[in-house]
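Data first, discussion second: the structure below is written as structure tokens.
Hydrogens, waters and symmetry mates play no part in the numbers below; they use all other heavy atoms, side chains included.
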Amino acid sequence: MGELGAELKGGGLHAWAGFEFLDALPCSVVRYVLYNNGKEEIRAINKGARELFNLGDEMPVPNIWDQVFTEDRERLRNSFSQSAKDLTEWKSQWRIHSPDGGICWHRGRGYPKQLAGDGTMWDCVITDITEETSISDALEGVNQKLLQAQKIGKLGYWKIEHESGNIYWSDEMYSIWGVSKNDFPLTRESIIHTIHPDHREEYIGQRNNYFRGSDFEFRILLPDGSIKWIHGKGRPLKEGAGTSAFYEGTVQDITEKKLTTLHLEETIQRYNYVVKATSDAIWDLDFLNEKLFWGENYKTLFGHSSSEEAKANLDYWESMIRAEDRSRVMKSFYGAIEGSEEHWEEEYQFEKGDGQFAWVRDRAFIIRNAAGKAIRMVGSMQDITDVVLAVEEIRKSNERFAKVAEATNDAIWDWDLQRDYLYHGPGYYKLFGHKPEDGKHTIESWKQFVHPDDLGKAMEEVDEINSSKDKTYFVSEYRYKKSDGSYANIIDRGSVIRDTDGVPLRIIGAMQDVTERKVYIQALLDQNKKLQEIAWIQSHLVRAPVARIMGLVEMLKAKGPESDGEREFVLDEILNSAQEFDQVIREISQKAAAIKVKP
């Protein structure tokens, strides 16, 4: 569209010839022309329009489209085009930028008049509706806020006419009941039908009281079968003296609040049961009221009387912490409170009523407000003295085990059957040369080092442990491969740990390298064999020459030699026997010298 008539001056009175009275009207009148070629023109404006557009009597008319909000221009122009097309009344409203930088709302209307084949003209009446719009917007805002408040508060409004019985419900009433306006007949009977059967008789009997100011609270049934709790109250309104003209009131959906209350009551009851059932000392620290509450087990566990005044004092709790632990615990405690943590936990020693100290595990949940400040702390103190002592005993036992495993020459091992994890002590790596990082520590890794000829017998022991519920000890001998490829002769002894059902859980044992002992025993066996040979020689070969010598001596004693030849024969036999005996002694000496016994 083209520029509007910027050349128009002098108040435009000449343009309203015969209609000067228009300047006296308390409104703005503008003659606007829209040509067929898209150009446009303001042919005349009255005095009210000049005041509306803040123009003096001699000031030219500016391009009014420059004052119209960009977002409204297309809509405003389209309204003129549509009016020209249909020759129907033009009316619209739009925003303009006021000289003071503010926003003004204008409303215009006028009837189109076709010019002789050259466009359309409107005599438009324009009014400033800024104040009206502001009030309307404010009212709309209030209404929207009111509706939003009703939705947020789940608060519905109702009204019943006394004579006709007609009922009015706000939108939120329908929302609370879960029904639509079109589908739900708004009658007393239909409403009563939605009341939960457990409350229906009470509602019917007390309905008039509810309408006259009594509070009511009951459940309703929704179309989907769900249940809601509602709270309501009504009041009578009269038109003059006499009978009430109608009743009005509100209904609020209190389902969430009611369930929370019921849940809270159940939670409190459950809390009391838990306090009685647990062995922990429950405590509740209220920072706002500076109170510390202790559960019943505080006295049972630690011997402090629940009637002590100091019981509710945080300083008293702090004084009961062992001196060596106090600084650490309090630093952790206040650090958690001043920080953003939701949980706090510490272990420390706490002095009991008899002066003894108990190990406790203290755990708490920190409750904070919207600003993150701690307002409450709920926790429990658990006596873990037995656990700490047991852990300490286990630590000492493990330490002793480690020292034994380090000091012994045997290969200590511990097989966890549940996880199939095989632990080896330092002696294992010392004896066999394997490294801790070599392979997996499982029964399969053990099997691959057992000599193939001995594996079957060794596994019989393992199978017997798994199949039997009584076997608690075993001894096994086999050959075990070392890192250099050689085999060591070992004796493996183990003790079986079972659960109450006899299922084996762990086996702890020691592998002893008896290779040298085996060699030594074999040497002794070889030596025994040689000694047996010596003994046989002594018992057989030595006795023969000795017997001959003894026989010849006996013969000489008896009669002596009868001739020189006979004497010569006897002497030769004695010599031969002596030489044979000497040879036997030499052989014995040689065999004895060959025997070497290792110490």
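- T120 has its side chain out of reach of V33: every pair of non-hydrogen atoms, C-beta onward, lies at least 4.5 Å apart.
- Distance CG/L285 to CD/E290: 9.5 Å, rounded to 0.5 Å.
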(message) Under the criterion side-chain hydrogen bond (donor to acceptor under 3.5 Å, both in side chains), I'd like the reasoning laid out for Y35 against E40: C-alpha separation, chi angles, the key distance, then a yes or no.
(response) CA-CA 6 Å; Y35 295 102; E40 54 189 347; over 6 Å; no
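- A heavy-atom distance below 4.5 Å is not found between the side chains of C104 and I129.
- Taking each heavy atom of S83 and W122 in turn, the nearest pair found is OG-NE1, 3.1 Å.
- Atom CZ of R219 sits in a crowded spot, with more than 12 heavy atoms from other residues, nucleotides or ligands closer than 6.0 Å.
- Of the inter-residue distances, the one linking H231 atom NE2 with K233 atom NZ reads 7.5 Å to the nearest 0.5 angstrom.
- Residues I126 and V30 share a closest heavy-atom pair of CD1-CG2, 4.0 Å.
- The nearest pair of heavy atoms linking S79 to S92 is OG-CB, 3.9 Å.
- Between F302 and F350, the distance separating the two ring centers is shorter than 6.0 angstrom.
- The minimum heavy-atom distance between N36 and G119, with the atom names listed, is OD1-CA, 3.3 Å.
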(request) Give the C-alpha distance, both sets of side-chain angles, the deciding distance and a yes or no for side-chain hydrogen bond (donor to acceptor under 3.5 Å, both in side chains) between S190 and T187. (result) CA-CA 5 Å; S190 61; T187 64; 3.1 Å; yes
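- Heavy atoms of other residues, nucleotides or ligands lying less than 6.0 angstrom from CD of E131 number 12 at most.
- Atom CD of Q418 has more than 12 neighbouring heavy atoms from other residues, nucleotides or ligands inside a 6.0 Å radius.
- The pair R107-E132 meets the salt-bridge criterion, with a side-chain N (NZ, NE, NH1 or NH2) lying under 4.0 Å from an Asp/Glu carboxylate O.
- Proximity of a side-chain donor or acceptor of N289 to a complementary backbone N or O of K291 within less than 3.5 Å is not detected.
- Salt-bridge check for R328 with E346: passed, with a basic side-chain N closer than 4.0 Å to an acidic carboxylate O.
- Judged by distance alone, with hydrogens and angles left aside, the side-chain atoms of K228 form a donor-acceptor pair with the main-chain N or O of I176 at under 3.5 Å.
- One N or O on the side chain of R200 and one on the backbone of H193 form a donor-acceptor pair closer than 3.5 Å.
- The side-chain heavy atoms of Y203 and I191, taken from C-beta on, include a pair separated by under 4.5 Å.
- At a threshold of 4.5 Å between non-hydrogen side-chain atoms, the residues R109 and E89 count as touching.
- Scanning all heavy atoms of the two residues, the minimum distance from P223 to V179 falls at CG-CG1, 3.7 Å.
- When each of W158, Y157, Y168 is paired with E248, the side-chain hydrogen bond (donor to acceptor under 3.5 Å, both in side chains) condition holds for Y157 and for no other.
- For H196 and W229, the gap between ring centers reaches or exceeds 6.0 Å.
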(message) Is there a salt bridge (Lys or Arg N to Asp or Glu O under 4.0 Å) between R368 and E342? Walk through the geometry before answering.
(response) CA-CA 8 Å; R368 302 181 183 275; E342 291 186 349; over 6 Å; no
(request) Apply side-chain contact (heavy atoms from CB on, under 4.5 Å) to the pair I192 and E189, showing each step before the final yes or no. (result) CA-CA 5 Å; I192 291 174; E189 291 72 18; 5.8 Å; no
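- With T442 contributing its side chain and D420 its backbone, the two residues share no donor-acceptor pair below 3.5 Å.
- At most 12 non-hydrogen atoms from other residues, nucleotides or ligands lie less than 6.0 angstrom from CZ of R235.
- Ion pairing of R326 with E318 is absent here, as no side-chain N (NZ or NE/NH1/NH2) approaches a carboxylate O to less than 4.0 Å.
- Judged purely by distance below 3.5 Å, without hydrogens or angles, the side chains of W283 and D362 pair a donor atom with an acceptor atom.
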(message) Assess the residue pair Q252 and K257 against the criterion (side-chain contact (heavy atoms from CB on, under 4.5 Å)); give the C-alpha distance rounded to whole Å, side-chain angles, the decisive distance to 0.1 Å, and a yes or no.
(response) CA-CA 11 Å; Q252 185 176 23; K257 177 182 177 182; over 6 Å; no
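- Dense packing is recorded around CD of E345, with more than 12 heavy atoms of other residues, nucleotides or ligands lying under 6.0 Å away.
- A donor-acceptor pair is defined here as one N or O able to donate and one able to accept, closer than 3.5 Å; no such pair exists between the side chain of D86 and the backbone of T88.
- A ring-centre distance under 6.0 Å is found for F80 and W90.
- Between I227 and L222, every side-chain heavy-atom pair lies at or beyond the 4.5 Å cut-off.
- Between I230 and V251 the shortest side-chain heavy-atom distance falls below 4.5 Å.
- Here the CG-CZ distance, from L34 to R77, works out to 10.0 Å after rounding to the nearest 0.5 Å.
- Electrostatic pairing of D171 and K181 counts as a salt bridge here, judged by a charged N lying under 4.0 Å from a carboxylate O.
- In this structure, the side chain of N369 engages the main chain of K373 through a donor-acceptor pair within 3.5 Å.
- Across K113, M121, E41, a single residue satisfies side chain to side chain contact (heavy atoms under 4.5 Å, CB included) together with R31, and that is M121.
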(message) Determine whether S180 and N182 satisfy the following criterion, side-chain hydrogen bond (donor to acceptor under 3.5 Å, both in side chains), listing intermediate values before the conclusion.
(response) CA-CA 5 Å; S180 67; N182 298 329; 5.5 Å; no
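- With contacts defined as side-chain heavy-atom distances shorter than 4.5 Å, the pair Q382/R363 qualifies.
- Ring-centre distance between F184 and W169: below the 6.0 Å cut-off.
- Side chain of S170 to main chain of G156: no donor-acceptor pair is present (N/O by atom type, distance under 3.5 Å, no hydrogens or angles).
- Between R322 and E351 there is no salt bridge, since no side-chain nitrogen of the basic residue lies less than 4.0 Å from a carboxylate oxygen of the acidic one.
- The side-chain heavy atoms of R75 and F69, taken from C-beta on, include no pair separated by under 4.5 Å.
- Not one N or O on the side chain of D286 forms a donor-acceptor pair closer than 3.5 Å with the backbone of R376.
- Salt-bridge check for R95 with D72: passed, with a basic side-chain N closer than 4.0 Å to an acidic carboxylate O.
- Here the CG-OG1 distance, from D128 to T133, works out to 8.5 Å after rounding to the nearest 0.5 Å.
- Atom CG of D284 and atom CG of L292 lie 8.0 Å apart (nearest 0.5 Å).
- Checked by atom type and distance alone, the side chain of D383 pairs as donor or acceptor with a backbone atom of T385 at under 3.5 Å.
- Atoms CD1 and CE, from I167 and M173 in turn, are 9.0 Å apart once rounded to the nearest 0.5 Å.
- Relative orientation of the F216 and F218 rings is parallel, given thresholds of 30° and 60° on the angle between their planes.
- A ring pair (Phe, Tyr, Trp, His ring centres under 6.0 Å) with W344 holds for exactly one of Y334, F333, F365; it is F333.
- Checked by atom type and distance alone, the side chain of R361 never pairs as donor or acceptor with a backbone atom of S380 at under 3.5 Å.
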(request) Run the numbers on L186 and Y174 for side-chain contact (heavy atoms from CB on, under 4.5 Å), then give the verdict. (result) CA-CA 10 Å; L186 202 55; Y174 288 98; 3.4 Å; yes
